[in-house]
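Let me begin by presenting the structure, written as structure tokens, before commenting on it.
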Amino acid sequence: MNPVIEVLAASEVDRLEHLWGQLLGHHSRQAPHLAALGAVRTPEESWRLRRGQCLAWLREPLAAVLVARDANQLLGYAVVRVLDAPGSWQWGDRVGVLETLVVDEEVRAAGVGRALVGAARERLAGEGVQVMKISVIAGNDGALGFYRREGAVDFVDTLLMPVAD
Ligand SMILES: CC(C)(COP(=O)(O)OP(=O)(O)OC[C@H]1O[C@@H](n2cnc3c(N)ncnc32)[C@H](O)[C@@H]1OP(=O)(O)O)[C@@H](O)C(=O)NCCC(=O)NCCS
């Protein structure tokens with residue numbers, strides 16, 4: 001598959017709701033251990049929150065929603081941002097962040113994810129950014145395999161500790 005990759009206007013974010021719902025379902029299936037800390041939100045509520053977050057990100061100068069499409073069909077999307085994050089390693093004082101990546105269940109394993117990640121990397125490289133941070137929910141081993149195949153390396157293990165009974 002050879003999808004067209006383009007930047008989605010903020011006014012069009014509601015087109016992403018269906019794909020976000022797929023990602024939410026995927027995460028809840030892949031990480032059932034997290035339900036011990038709190039139930040998964042409904043798709044509607046989760047999208048309402050994510051929509052607000054996404055619109056806030058898009059007010060940042062370098063953030064973008066990248067969509068993959070075939071004619072008028074939306075095949076997947078990625079959200080990319082740039083943060084100030086000087087750290088102990090010399091990979092620049094700003095890092096890219098891949099906030100979301102999801103490909104429609106109907107068209108996975110056909111190169112769409114690779115095309116979106118490629119577009120995100122190209123965009124960040126054009127801004128002089130050297131690395132892109134990606135968070136993967138524990139249990140989503142397929143995504144880890146995908147990112148490693150694209151050249152990503154392990155960075156941080158994030159844990160959640162309950163603090164109240
Ligand atoms: C992970 C995801 C974005 C990958 O997109 P995709 O379009 O299915 O992947 P592609 O077809 O572009 O695959 C690119 C390469 O990664 C490999 N790959 C894809 N999915 C993989 C998986 N689950 N495990 C291991 N490797 C994988 C492919 O084999 C391919 O390598 P190859 O060309 O050498 O065979 C997509 O499967 C998806 O949306 N998954 C559910 C949501 C999700 O987990 N998102 C990531 C959240 S952090």
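For ligands, and for the atoms within them, numbers begin at 1 and follow the listed sequence.
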Please state which part of [X] comes within less than 4.0 Å of ligand 1, counting heavy atoms only: side chain, backbone, both or neither.
{"X": "Arg108", "value": "both"}
{"X": "Ser135", "value": "backbone"}
{"X": "Tyr77", "value": "neither"}
{"X": "Glu150", "value": "side chain"}
{"X": "Arg114", "value": "both"}
{"X": "Asn140", "value": "side chain"}

Counting only heavy atoms, tell me which of [options] gets closest to [atom].
{"atom": "atom 47 (C) of ligand 1", "options": "Val102, Ile137, Leu101", "answer": "Leu101"}
{"atom": "atom 11 (O) of ligand 1", "options": "Gly113, Gly111, Ala115", "answer": "Gly111"}
{"atom": "atom 6 (P) of ligand 1", "options": "Gly145, Ala109, Pro3", "answer": "Ala109"}

For this session: Answer whether the closest heavy-atom distance between the side chains of Val7 and Leu66 falls below 4.5 Å.
Result: yes
For this session: May I ask you to test the Leu34-His27 pair for a side-chain heavy-atom distance under 4.5 Å?
Result: no
Protein contact to [atom] [nearest heavy atom, distance to 0.1 Å]:
{"atom": "atom 42 (C) of ligand 1", "answer": "Leu23 CD1, 3.5 Å"}
{"atom": "atom 22 (C) of ligand 1", "answer": "Gly142 O, 3.2 Å"}
{"atom": "atom 16 (O) of ligand 1", "answer": "Phe146 CD1, 3.3 Å"}

Exercise. When the ring planes of Phe155 and Trp89 are compared, do they come out parallel, tilted or perpendicular, using 30° and 60° as the limits?
Worked result: perpendicular
Exercise. Any N/O of Ala143 closer than 3.5 Å to an N/O of ligand 1?
Worked result: no
For this session: Consider every N or O of Arg149 and every N or O of ligand 1, then say whether any pair is closer than 3.5 Å.
Result: yes
Exercise. Taking it one step at a time, do Leu62 and Val129 satisfy side chain to side chain contact (heavy atoms under 4.5 Å, CB included)?
Worked result: CA-CA 11 Å; Leu62 299 178; Val129 172; 5.9 Å; no
Exercise. Can you find a protein heavy atom closer to atom 28 (C) of ligand 1 than 4.0 Å?
Worked result: no
Exercise. Any protein heavy atom sitting closer than 4.0 Å to atom 2 (C) of ligand 1?
Worked result: no
Problem set entry | Polar contact flag, side-chain donor to acceptor under 3.5 angstrom, His18-Gln22 | yes
Exercise. If only atom types and distance count, is the side chain of Arg51 paired as donor or acceptor with the main-chain N or O of Asp14 below 3.5 Å?
Worked result: no
For this session: Enter the distance from Arg94:CZ to Leu124:CG here, rounded to the nearest 0.5 Å.
Result: 9.0 Å
